[in-house]
Protein chains: 2
Amino acid sequence: MTCTLSDIARQTGFSVSTVSRVLHDNSNRYKIREETKEVIRSVATALGYTPNKIARGLRLNRTHQMGIIVADLANPFFATMVKSISKEARKSGYSIVVCDSDENTHLEEESIKTLMENRVDGLLIAAVGVEREHLERFRSDDVPFVFLDRLYDDISDDAVSVDNRKGARDATEHLIQNGHRRIAILQGLPGTYANTGRVTGFRQAMADAGIEVRDQYVVGDDFGTLNGFLGTKHLLRMEDPPTAIFAAGYLIALGALDALREEHLVVPRDVALVTFDDPGFAPHLSPPLTAVEQPIEQMGEMGVKLLLRRLRDPSSAPRRILLEPRLIVRESVAPLVVPA
Amino acid sequence: MTCTLSDIARQTGFSVSTVSRVLHDNSNRYKIREETKEVIRSVATALGYTPNKIARGLRLNRTHQMGIIVADLANPFFATMVKSISKEARKSGYSIVVCDSDENTHLEEESIKTLMENRVDGLLIAAVGVEREHLERFRSDDVPFVFLDRLYDDISDDAVSVDNRKGARDATEHLIQNGHRRIAILQGLPGTYANTGRVTGFRQAMADAGIEVRDQYVVGDDFGTLNGFLGTKHLLRMEDPPTAIFAAGYLIALGALDALREEHLVVPRDVALVTFDDPGFAPHLSPPLTAVEQPIEQMGEMGVKLLLRRLRDPSSAPRRILLEPRLIVRESVAPLVVPA
DNA sequence: GTGAAAGCGCTAACAG
DNA sequence: CTGTTAGCGCTTTCAC
């Protein structure tokens, strides 16, 4: 039932080319009589003409779709990112086709393949981030990649992420300034971009303050809640438990909170807690959680802009943008009270 | 650089059709010599052939894309739904192009238009849900719609949602069974499908228990946190405040929690609280929140299945599925203690 | 000012 | 078992 240019051509008596020109060609390169335009436009709306982007894409070799791959859509972090990408992409007339790699390198690869088959104009990818060989395999000059959030150090594409080191440093310094010395870190998955940056930042802040970080105060091995729970339990069982904890991700912090509650320890009186990531509910926890907020929306927005720029100018030098996170002080950290 | 069927044809000496057949036609309707197949396949991989779905879509009038429109991707509810849709769609070789309507009827309409232009094979839509005229305007026999979560009562399309009434009844009954009589509801946006169902369920449960619901115990007017906060404050200021509160959505519950904390009331000792929606962090609140869990993943999955079925058999009778929510009892409700 | 025609990459009769 | 051909809906040179 969908009507095509030639339907309109037939109805109006004009040729397909003319119809195409008035309906799609914004440039007024063609001087077409106003009258003609009006006739064509009116018939088009009368017939409910809907341009066929598929045909257009085939012809122009441009689909005006961009592919997005994220590691976990159910994670508010990525969900928010995709939302901002969607908003920014729409502004430029782009649609987004979204894939969820489920933190799985194989599915990530499948997703890339699918998106390539769909002939997306470019790809925004928050990579799983452990391997990268499969990414190389799909590199092509035709379809630019932009990496989001999770980078590879040797990357040569456009990329935007957050300064994990800086955020971790800020968080740790906040703890130090509140008098804490025995500070533990609940880390995420070792070897990942985010975790490495956050641990490094933590160590830097400690070093700058002249505090030695004890090995047994660095615990944990993934970004999940259980890890936070177990790690915290472990810390509390020490003969010399930390007075403050820095969680490398919000799920970890949630687990820590559970463990602390179970031990009848109250935050921040007994133990101080800061976390990387600032999920929407952080202010509503008790106590409201002091957290490092990432500029997620900005990240999505910048990603789209980088991609658009590269599409416009494929030979421009790749840019690598590091956004600044921001420590949001709420009530989960209090000055250390030294036992009299 | 992308290579096409004709490239492979040239390389192998076979015709484009033969190449097409071995590369794409799963059906063995054509008896092609094994040897030929091998040659073609090997050249294809050697050249890094990536099928062009755009061209395919144009020819077959099937893009193998489905459009998704949700009201707010940053809402964990929709994010989870999209994730499950993505998973289910992938199983059948479908990609999803996602739009965020930002709870805005106009953007919703724009999104539909875009998706139609993209010639998606079908549409899954969690509609804003207030108006529906704009939806009608785009109804066409070519592109089936499936409604998710938010329905219109007079809808004639496939649809899957959750039994809001039942969930609200269960939650309210739980409160009643714990001895509560003065029960308030913090409602969401009046007139929406979700809110109407939830309020109705609440009233039913009260009626069934022979408890009169006082008008001033029905407060609030949207699904946001602030509404929950203000509503709760209002309730607490009454001469005869409720002993239990049912929040119609999780953001509302969060606001309620804030208000209660501010008033130094402790849940569940002083006030009991149940909420519709069970966001991932509910178990980690203090106290862990008793909540009505919606079968979100199942909803996405069913939505895709309905759409796929309709694509296969366009004339089948529309189905309207109501999924059962589940009350998850945690620690935010306690038996009412009557002052001695 | 407007039209004719070619072609984007693919599939599906139809033919042999 | 394989090739020829037409055409999906659109844009764009080139022509008049």
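In what follows, chains carry the letters A, B, and so on, assigned in the order in which the sequence lines appear, proteins first and then strands, with residues in each chain numbered from 1.
- Summarising the geometry, the separation between CZ on Arg62(A) and P on dG9(C) is reported as 15 Å, rounded to the nearest angstrom.
- Remark: the Ser17(A) side chain and the dA4(C) base include a donor-acceptor N/O pair separated by less than 3.5 Å.
- Distance CD1 (Ile54(B)) to P (dG7(C)): 21 Å, rounded to an integer number of Å.
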- Given Lys87(B) and Asp102(A), is the salt bridge (Lys or Arg N to Asp or Glu O under 4.0 Å) satisfied, shown in steps? CA-CA 9 Å; Lys87(B) 187 173 169 186; Asp102(A) 229 0; 5.4 Å; no
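- Interface remark: the Arg21(B) side chain does form a donor-acceptor pair with the dG3(D) base, using a distance-only criterion of under 3.5 Å.
- In this structure, Ser15(A) reaches the dG3(C) phosphate: one of its side-chain N or O atoms is under 4.0 Å from OP1 or OP2.
- Ranked by how close their nearest DNA chain D nucleotide is to the 5' end, Arg119(B) and Arg33(B) are led by Arg33(B).
- The side chain of Leu60(B) lies closest to dA12(C), out of dC1(D), dA12(C), dC10(C).
- Across the protein-nucleic acid pair, Arg56(A) atom CZ and dG9(C) atom P stand 18 Å apart, rounded to whole Å.
- Distances shown here put every side-chain N or O of Thr36(B) at or beyond 4.0 Å from the OP1 or OP2 atom of dC1(D).
- Between Leu47(B) atom CG and dG9(C) atom P there is a gap of 14 Å when expressed in whole angstrom units.
- With sequence neighbours excluded, the residues forming a ring-ring contact (aromatic ring centres under 6.0 Å, His included) with Phe147(B) are Tyr152(B), listed by chain and number.
- The residue Ile32(A) sits close only to the backbone: its heavy atoms come under 4.0 Å of sugar-phosphate atoms, none of a base.
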- Message: Give the dot-bracket line for DNA chain D from 5' end to 3' end: parentheses for intra-strand Watson-Crick or G-U pairs under 3.5 Å, square brackets for crossings, | for inter-strand pairing, dots for unpaired.
- Response: ||||||||||||||||
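- From Glu110(A), atom CD reaches atom NE2 of His106(A) across 4.5 Å, with rounding to the nearest 0.5 Å.
- Look at CG on Asn61(B): it is 12 Å from P on dA12(C), rounded to the nearest Å.
- Side-chain polar atoms of Ser95(A) and Arg90(A) form no donor-acceptor pair below 3.5 angstrom.
- Nearest approach of Asp100(A) to Leu73(A), heavy atoms of both residues: OD2-N, 2.9 Å.
- Candidate nucleotides dC10(C), dT2(D), dT2(C) were compared by shortest atom distance to the side chain of Ala55(B), and dC10(C) ranks first.
- Phosphate contact (OP1/OP2 of dT12(D), side-chain N/O of Ser20(A), threshold under 4.0 Å): absent.
- The two residues Leu123(B) and Val143(B) make their nearest non-hydrogen contact at N-CG1, 4.5 Å.
- Taking atom CZ on Arg10(A) and atom C1' on dG3(C), their separation rounds to 16 Å, with Å as the unit.
- Side chain of Tyr49(A), nearest nucleotide from dC10(C), dG9(D), dC10(D): dC10(D).
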- Steps toward salt bridge (Lys or Arg N to Asp or Glu O under 4.0 Å) verdict (Arg310(A), Asp158(A)): CA-CA 9 Å; Arg310(A) 177 145 313 282; Asp158(A) 292 298; 2.4 Å; yes
- Evaluate side chain to side chain contact (heavy atoms under 4.5 Å, CB included) for Phe145(B) paired with Ile112(B), printing each intermediate quantity in order. CA-CA 10 Å; Phe145(B) 283 22; Ile112(B) 299 179; 4.1 Å; yes
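- Atom CG of Asn52(A) is separated from atom C1' of dC10(C) by 14 Å (rounded to the nearest Å).
- When distances are taken from the side chain of Phe14(B) to each of dT2(C), dG3(D), dC10(D), the shortest belongs to dG3(D).
- Remark: C1' of dC8(D) and NZ of Lys53(A) are 19 Å apart, rounded to the nearest angstrom.
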